[in-house]
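Scroll down for the structure; my scribbles are underneath it.
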Amino acid sequence: MAAQISPSILSCDFAHLADEVARIRNADWLHVDVMDNHFVPNLTLGLPVVESLRAAAETPLDLHLMIEDPDRWAPAYVEAGAGSVTFHVEAATAPVRLARELRHQGARAGMALRPATPVEPYEDLLGELDMLLIMTVEPGFGGQKFLDLCLPKIRRARQLIDRHGLDLWLQVDGGVSAETIERCAEAGADMFVAGSAVFGADDPAAMVDRLRGQAERATGRTAQA
Ligand code: DX5
Ligand code: ZN
C-alpha cells in the first residue's frame, strides 16, 4: 500500500479553518485532534467543528480522540462525518466492543498507544482494528520533538501485523517531518500525521507531496502499489 499523509489541523489558524484545509487538497486524510482537558492537558474542538469541517472539505476526516470515556463519545464522531475514528486504549473501557461499534457504523476503527504503552498486550485485538496509531510524542500538543524511543515499537507492531496477515494501517503521530519520516517508514509505518511540518511550511501542499515521496522511497513502495 502507498504511504498516506494525514496533516493535523491542530497547527492551522482555527479562525480560517476552511481556507487552511483548502491549501492541502492533495492530502489523503485530514487529522483532527480532539482533546478534552482530562485525558491530556489541552482543549481543542468537538462535534460541531467536526460537522462543519465535514461540510467544508472533501478530504476524509481522521479523528484522533484524546479524551476520557471514548466508549461513550466516539460513535458520535462517526455520525458527525468522520471516516476514521481512533480512540486511546488507555482511556477505553471495552476497546473490542468500541471498535466493533465504530465499524458497524461504517467507519474505520483505530486504536492509539501513548509512548509508554506497549503493543504486545494487544496482539489479539489487532484483527478488530483498521488502524493502529503509535504516538511518537506524548499526546497533547503540536510541535513537540519526535521520540526515537518509539521506533522499536513501530518495528514490533509491523512484525505483528505481518505475522497475522492483517490489513491494518500503522499510523505515527508526533514530530513527523522531513527529518524523521524516513525513520518511521523504514520501521514499518504507512500512515503519517504531520502538523507543524505541513502547516509551518511555505507551501503546505508541496510538503505533503514531499513527505509522501520520502516515505515511499524509504519503504521501496510506489504510489501504484
Ligand atoms: C499531538 C497530536 C498531534 C499533533 C502533531 O497530541 O495528536 O496530531 O497535532 O503535531 P506535530 O506534527 O507538530 O508534532
Ligand atoms: Zn493526533
Side-chain angles (χ1 to χ4, degrees), residues 3-14 17 20-21 23-24 27-46 49-50 53 59-68 70 73-74 77 82-92 108-117 129-151 153-154 169-185 189-202 204-205 207-208 210-212 214-215:
Q4 300 189 83
I5 306 295
S6 187
S8 167
I9 66 163
L10 192 58
S11 294
C12 281
D13 176 353
F14 275 12
L17 202 45
E20 292 274 75
V21 301
R23 299 168 78 196
I24 49 158
D28 300 286
W29 293 80
L30 290 177
H31 185 83
V32 182
D33 290 301
V34 177
M35 304 185 191
D36 66 352
N37 213 20
H38 291 274
F39 182 70
V40 289
N42 196 3
L43 186 67
T44 54
L45 52 86
V49 175
V50 172
L53 197 54
T59 312
L61 303 183
D62 163 32
L63 269 284
H64 177 193
L65 304 182
M66 286 161 275
I67 61 173
E68 297 288 1
W73 298 110
Y77 285 90
S84 174
V85 176
T86 298
F87 58 86
H88 269 267
V89 71
E90 304 89 351
R108 295 180 62 86
M111 191 176 84
L113 309 177
R114 298 181 76 134
T117 304
L129 304 169
D130 299 297
M131 187 166 79
L132 180 68
L133 165 52
I134 294 186
M135 290 302 299
T136 42
V137 298
E138 286 293 349
F141 301 92
Q144 300 183 77
K145 192 173 177 314
F146 181 83
L147 293 173
D148 278 289
L149 61 85
C150 298
L151 289 168
K153 183 162 60 175
I154 299 169
W169 295 350
L170 184 53
Q171 186 177 62
V172 285
D173 180 10
V176 176
S177 68
E179 284 70 47
T180 58
I181 195 166
E182 289 171 11
R183 274 176 262 168
C184 297
D190 54 15
M191 169 81 151
F192 304 87
V193 177
S196 49
V198 169
F199 287 101
D202 291 337
M207 181 55 77
V208 168
R210 175 179 171 184
L211 291 171
R212 194 189 286 112
Q214 281 185 279

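Start at 1 and go down the list; that is how both ligands and their atoms are numbered.
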Check: every ligand 1 N/O to protein N/O pair under 3.5 Å:
residue, atom, partner, partner atom, Å
ligand 1, 6 (O), Gly140, N, 2.7
ligand 1, 7 (O), Asp33, OD1, 3.0
ligand 1, 7 (O), His64, ND1, 3.2
ligand 1, 7 (O), Asp173, OD2, 2.9
ligand 1, 8 (O), His31, NE2, 3.3
ligand 1, 8 (O), Asp33, OD1, 3.1
ligand 1, 8 (O), Asp33, OD2, 2.8
ligand 1, 8 (O), Asp173, OD1, 2.8
ligand 1, 8 (O), Asp173, OD2, 3.0
ligand 1, 9 (O), Ser8, OG, 2.8
ligand 1, 9 (O), Asp33, OD2, 3.2
ligand 1, 12 (O), Gly195, N, 2.8
ligand 1, 13 (O), Gly143, N, 2.8
ligand 1, 13 (O), Ser196, N, 3.0
ligand 1, 13 (O), Ser196, OG, 2.5
ligand 1, 14 (O), Gly175, N, 2.8

Indicate yes or no for a side-chain donor-acceptor contact from [X] to the backbone of [Y] under 3.5 Å, with no hydrogens or angles considered.
X      : Y      : value
Thr136 : Asp173 : yes
Asp36  : Phe39  : yes
Thr44  : Asp33  : yes
Thr86  : His64  : no

Any side-chain heavy-atom pair of [X] and [Y] under 4.5 Å:
X      : Y     : value
Arg108 : Trp29 : yes
Leu45  : Phe14 : yes
Trp73  : Leu65 : no

With a cut-off of 2.8 Å, how many protein N, O or S atoms neighbour the Zn ion (ligand 2)?
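For the Zn ion (ligand 2), the figure is 4.
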Short side-chain donor-acceptor distance under 3.5 Å, Ser6 and Asp62:
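Present: a donor and an acceptor within the cut-off.
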Think Arg23 forms a cation-pi with Phe199, using NZ or CZ under 6.0 Å from the six-ring centre and within 45 degrees of its axis?
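No, Arg23 does not lie over the aromatic ring of Phe199.
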